[in-house]
Participant: 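The structure that follows is given in the form of structure tokens.
Whatever order the structure lists them in is the order used to number ligands and atoms, beginning at 1. Only a predicted model underlies this, so the values are computations on that prediction, with no experimental measurement involved.
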Amino acid sequence: TLPKIYAITPTYSRPAQKAELTRLSHLFMLVPNLHWIIVEDANSTTALVRNVLLRAGLTDRFTQLNIKTPPEFKLQGKDPNWIKPRGVEQRNLALNWLRSHADVDRHAIVFFMDDDNSYALELFVEMSKIKPGRVGIWPVGLVGGLMVERPLLNEENKVIGFNAAWRPERPFPIDMAAFAISMDLFFKYPQAAFSYEVQRGYQESEILRYLTTSDQLQPLANNCRDVLVWHTRTEKTKLNAEEMLQRQGKRSDE
Ligand code: UDP
Ligand code: MN
């Protein structure tokens with residue numbers, strides 16, 4: 001049988017949220033071994049998110065959590081490169097939930113799945129192949145200023161580098177969507193977590209430094225030749241007419 005895949009998704013309220021989550025929920029309908037840990041960046045869980053999950057029939061295949069990102073999160077003025085990191089609090093809460101609720105003795109996979117990327121069904125077939133104690137890796141499309149950011153392999157199909165153009169000096173110059181992790185590593189390394197105290201683009205390196213080394217990465221997706229996930233970004237919704245309506249006490253979505 002396939003290992004369970006715990007997909008961890010931070011999400012926050014904005015006009016396109018329901019559209020993004022509906023898109024993802026339909027993918028979940030096609031992948032029976034997925035369990036969705038959806039963590040709202042909010043003071044409470046919302047009916048909007050719960051209804052999307054229920055309408056997709058995910059009844060007992062999701063866990064809905066919430067934790068609000070502290071509004072004034074800032075580091076005491078050091079590096080001007082510090083920016084507000086996204087999803088840190090939410091992903092850490094999900095990891096805590098996993099460590100206290102998941103079955104330690106059952107092989108499972110953990111994937112950090114942002115709500116706006118585009119995922120091929122085959123990606124989940126690929127990550128099901130991750131071996132206990134390993135981190136699986138694959139290319140990501142449309143990220144880091146490239147068509148494809150990918151690991152570089154040697155003749156024995158071991159990862160020996162990365163093609164990253166943006167901040168290639170990072171220990172793991174890859175996107176959050178480029179890897180998934182055998183769950184046992186989170187029990188083996190209980191201190192593994194995301195942190196606010198890292199520079200932009202270093203969240204991936206931050207979590208992975210606890211869990212693996214580059215040469216231990218398990219290449220998937222046809223030895224990192226296939227692109228099965230894209231770092232798409234949804235443009236900010238323009239609501240100028242809606243704002244005019246609301247000034248008259250009306251709205252289009254009543
Ligand atoms: N996110 C969040 N709170 C925020 C901003 C983002 O929970 O204030 C979530 C978002 O829904 C997504 C993830 O964090 O699942 C990454 O955010 P985003 O896609 O905006 O980051 P980018 O693609 O720019 O790296
Ligand atoms: Mn994104």
Participant: Would you indicate which of Val143, Asp114, Asp41, Leu24 comes nearest to atom 7 (O) of ligand 1 when only heavy atoms are counted?
Facilitator: Asp41

Participant: In the protein, which heavy atom is nearest to atom 24 (O) of ligand 1, and how far is it?
Facilitator: Arg233 NH2, 2.7 Å

Participant: For a side-chain contact (heavy atoms from CB on, under 4.5 Å) with Leu53, tell me which candidate from Ile38, Leu24, Leu21 qualifies.
Facilitator: Ile38

Participant: At distances under 2.8 Å, what protein N, O or S atoms surround the Mn ion (ligand 2)?
Facilitator: Asp116 OD1, Asp116 OD2

Participant: Heavy atom of Thr9 under 4.0 Å from ligand 1?
Facilitator: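 Thr9 does not count as a contact of ligand 1 under the 4.0 Å cut-off.
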
Participant: Please report which non-hydrogen protein atom sits nearest to atom 9 (C) of ligand 1, along with the residue it belongs to and the distance in Å to one decimal place.
Facilitator: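 Ranked first by proximity to atom 9 (C) of ligand 1 is Pro10 O, 3.6 Å.
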
Participant: Based purely on interatomic distance, does Gln90 place a nitrogen or oxygen under 3.5 Å from a nitrogen or oxygen of ligand 1?
Facilitator: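 No, since none of the N or O atoms of Gln90 sits under 3.5 Å from an N or O of ligand 1.
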
Participant: Students should be able to answer this: which protein heavy-atom is nearest to atom 21 (O) of ligand 1, and at what distance?
Facilitator: Arg86 NH1, 3.5 Å

Participant: Which of these passes side-chain contact (heavy atoms from CB on, under 4.5 Å) with Pro219: Pro139, Cys224, Pro151?
Facilitator: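 Testing each of Pro139, Cys224, Pro151 against Pro219, the sole residue satisfying side-chain contact (heavy atoms from CB on, under 4.5 Å) is Cys224.
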
Participant: Starting from atom 2 (C) of ligand 1, find the nearest protein heavy-atom neighbour and note its residue, name and distance.
Facilitator: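 Scanning the protein heavy atoms, the shortest distance from atom 2 (C) of ligand 1 goes to Tyr12 CD2, 3.5 Å.
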
Participant: Could you check whether the rings of His35 and Trp97 sit parallel, tilted or perpendicular, using 30° and 60° as the cut-offs?
Facilitator: parallel

Participant: In terms of residue, atom name and distance, what is the protein heavy atom nearest to atom 23 (O) of ligand 1?
Facilitator: His231 NE2, 3.1 Å

Participant: Is Asp116 near ligand 1, meaning one of its heavy atoms is under 4.0 Å from it?
Facilitator: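 So Asp116 counts as touching ligand 1.
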
Participant: Consider only side-chain heavy atoms of I, L, V, M, F, W and Y, link residues closer than 4.5 Å, and tell whether Leu142 and Val229 are in one cluster.
Facilitator: no

Participant: Let me confirm one number: the NE2-CE distance from His107 to Met183, rounded to the nearest 0.5 Å.
Facilitator: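 Reported value, rounded in 0.5 Å steps: 9.0 Å.
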
Participant: Between Asp115 and Arg14 (salt bridge meaning N to carboxylate O under 4.0 Å), is one present in this structure?
Facilitator: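 Salt bridge flag = yes for Arg14 with Asp115.
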
Participant: Tell me whether Arg91 is salt-bridged to Asp114, with the criterion being a basic N under 4.0 Å from an acidic carboxylate O.
Facilitator: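 Salt bridge flag = yes for Asp114 with Arg91.
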
Participant: Could you measure the distance from the CD atom of Glu206 to the CZ atom of Arg170? Nearest 0.5 Å is fine.
Facilitator: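 So the gap between those two atoms works out to 13.5 Å.
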
Participant: Could you tell me if Thr69 and Asp41 have a donor-acceptor pair between their side chains, going purely by distance under 3.5 Å?
Facilitator: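 Per modelled atom types, Asp41 and Thr69 side chains form a pair under 3.5 Å.
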
Participant: Anything under 30° is parallel, anything over 60° is perpendicular, the rest tilted; go ahead and classify Phe28 against Trp36.
Facilitator: parallel

